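Since the structure comes first, as structure tokens, the remarks are kept for the end.
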Amino acid sequence: MNRVYVCSCFAVTEQQVEQHAENGARTPRQIASVCKAGTDCGSCVRRIQALLGRGAAPRREPAGRGRPLPTGPAMAPAPRPDLGEAA
């Protein structure tokens with residue numbers, strides 16, 4: 001039998017995830033509670049979501065990556081109060 005590993009950290013296969021889903025696990029967190037998949041490095045969570053039919057969650061991008069930062073009056077620094085002359 002050809003094993004396809006979903007979680008290499010804990011050697012959890014697609015077949016095991018599907019079996020846990022048949023037994024009632026509906027979320028990656030529920031899968032993690034029965035076999036630890038997704039609790040170490042987390043790289044398998046998207047695959048687990050896909051196997052559960054939930055689709056992969058969109059990737060989060062750091063601010064400013066992939067799209068320009070807003071500019072203009074709304075982003076201009078607030079005027080500083082007049083501090084007067086230094087004594």
Side-chain angles (χ1 to χ4, degrees):
M1 179 174 191
N2 193 10
R3 292 184 183 178
V4 178
Y5 287 95
V6 172
C7 176
S8 2
C9 297
F10 294 104
V12 178
T13 64
E14 285 184 351
Q15 183 180 13
Q16 288 172 303
V17 170
E18 290 167 355
Q19 184 62 51
H20 293 311
E22 287 177 21
N23 292 336
R26 298 288 177 253
T27 66
R29 187 171 289 188
Q30 290 172 340
I31 294 291
S33 71
V34 292
C35 66
K36 295 186 181 179
T39 62
D40 195 23
C41 76
S43 67
C44 59
V45 174
R46 289 177 184 274
R47 181 70 185 132
I48 292 168
Q49 288 174 323
L51 288 170
L52 294 173
R54 297 169 55 99
R59 288 188 175 213
R60 295 182 186 169
E61 292 185 31
R65 294 255 171 125
R67 55 188 178 270
L69 292 174
T71 59
M75 295 303 292
R80 297 182 67 183
D82 184 22
L83 300 177
E85 299 205 15

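Basis for what follows: all heavy atoms, side chains included, without hydrogens, waters or symmetry-related copies. Fair warning: this is a prediction, and the values are worked out from it, not measured in the lab.
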**Fill in**
Nearest heavy-atom approach of C41 to C9 is SG-SG, 3.8 Å
**Asked** For the hydrophobic clusters of this structure (ILVMFWY residues joined by side-chain heavy atoms under 4.5 Å, transitively), does one cluster hold both V45 and Y5?
**Response** no
**Prompt:** If you take all heavy atoms of L52 and P28, which pair is closest and at what distance?
**Reply:** CD1-N, 3.6 Å
**Request:** Can you see which heavy atom on G38 is nearest to which on I48, and at what distance?
**Result:** N-CD1, 4.4 Å
**Request:** Please check if I31 and L51 belong to a single hydrophobic cluster, counting links between Ile, Leu, Val, Met, Phe, Trp and Tyr side chain heavy atoms closer than 4.5 Å.
**Result:** yes
**Prompt:** If you draw a 6.0 Å radius around CZ in R29, do more than 12 non-hydrogen atoms from other residues or ligands fall strictly inside?
**Reply:** no
**Prompt:** Got a salt bridge between R3 and E14, using NZ or NE/NH1/NH2 to carboxylate O under 4.0 Å?
**Reply:** no
**Request:** Quick one: closest heavy-atom pair of C7 and C44, and the distance?
**Result:** CB-SG, 3.8 Å
**Asked** Looking just at side-chain N and O atoms, do S33 and Q30 make a donor-acceptor pair shorter than 3.5 Å?
**Response** no
**Asked** Do you reckon F10 sits in the same ILVMFWY cluster as V17, going by side-chain contacts under 4.5 Å, direct or chained?
**Response** yes
**Check: H20 and C35 side chains under 4.5 Å, non-hydrogen atoms** = yes
**Prompt:** Is there a side-chain contact between V6 and T13, using heavy atoms and a 4.5 Å cut-off?
**Reply:** no
**Asked** Where the side chain of Q19 meets the backbone of Q15, is there a donor-acceptor pair that is under 3.5 Å apart?
**Response** no
